[in-house]
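A short write-up of the structure that comes next.
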Amino acid sequence: MKRIACVFLYGAIAITCSSQDLQDILSKGKWIDLTYNFSTETVYWPSVTNTFHLDTVFNGTTAGGYFYSAYSYSAPEHGGTHLDAPVHFAKGKNAADEIPLEQLTGNAVVVDVTAKVISNKDYLISIQDVEAWETKHGKIPDGSIVLFKTGFGKYYPDAASYLGTAEKGQPGIAKLHFPGIDPALAEWLVKNRKIKAVGLDTASVDYGQSKDFKTHQILYAANIIGFENVANLDKLPETGAYIIALPMKIKGGSGAPLRIIAWIK
Ligand SMILES: [Zn+2]
C-alpha cells in the first residue's frame, strides 16, 4: 500500500500512515463546505457587469430517448467564493495555476472579530486581534491558513448589507462598507509569521473603503494567497480545522472560482 504522511493532520507529530489510516481519521470528523454556489445571486464588485451567467446547451429528452443536460457558463475570476492569486496585485508572483497544492491545503486558524464589527462596519482587523487569538491558543503555527470571521457572512448574498450597497458602478464603489484586514496586520503577518493564506467572510481582504488596496499589495507581494467571500466560517472552531481550497486552474489567472472545504473533528 502506498505510504503517505499523516503529519498534516497532526501538526508537529511526524508519523507516517497508510491511505487507509487517513481515511479512518477523516471518517471521525466531518466536512464543512465553505463555498457559496454560483448563480445569478453571486456577489460581485459593483463595477462588474458580466456577472455569473449560465446558458443552457441542452436540457431534456434527446432524440435517442434518454435525458441529457449540459450548460455553458461565463464569470469573472473575482466574485463569489474565490481565490486571489498573488499576481492579482503583485507583478511576477504566482498565478492561479502556479500555486503549489501544499499552499492550498493546511491547518486553519480562525480569528473571530465579530464583536468588533457589530459597532463598526469599516472595522480594520488589527494586530491586537491576532495577538488576542495567540494569547488563547499560542503562536500561529507555521504553514497556517488564517481565516478571519467578521460575521458578515450572514448577510450574503444581499449586497445592500453584505457590501454596504447594492448600487452598481463607481457610485456603488464609493459606498462600500465592510470590514477587512488592516495593512498593518498584513505587514506584521508577512514579517513575523509564516502563513500560507488568508481568508475571510467579506468581498475583499481590504476593507470596503480602501482606496489603495494596501493589504492586497502587501500579502500578495509575499506570495501569500487570499480567499474571499468564504462561507460558513461560523461553523469552524478557532483551531483544529483542516482546509482544502481548490481553485479552477486558470492558466495565468489572477484568481479563480474556488471550492473550499474544511475538515473538523
Ligand atoms: Zn479577489
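Residue indices begin at 1 and follow the sequence shown. The shown structure was predicted, so the numbers you read here are calculated from the model rather than taken from an experiment. Just so you know, ligand 1 is whichever comes first in the structure, and atom 1 is the first atom listed for that ligand.
- Below the 2.8 Å limit, the Zn ion (ligand 1) has as protein N, O or S neighbours His78 ND1, His82 NE2, Asp84 OD1, Glu228 OE1.
- Other residues, nucleotides and ligands contribute only 12 or fewer heavy atoms inside 6.0 Å of the NZ atom of Lys214.
- Of the N and O atoms on the side chains of Asn50 and Tyr44, not one donor lies less than 3.5 Å from an acceptor on the other residue.
- Here Phe38 pairs with Phe52 under the ring-ring contact (aromatic ring centres under 6.0 Å, His included) rule; sequence neighbours left out.
- Side-chain atoms of Asp24 and Ser27 form no donor-acceptor pair, as typed in the model, at a separation below 3.5 Å.
- For His137, the ring-ring contact (aromatic ring centres under 6.0 Å, His included) partners at least two apart in sequence or on another chain are Trp133.
- Applying the ring-ring contact (aromatic ring centres under 6.0 Å, His included) test to Phe213 and every residue at least two apart in sequence or in another chain returns Phe89, His216.
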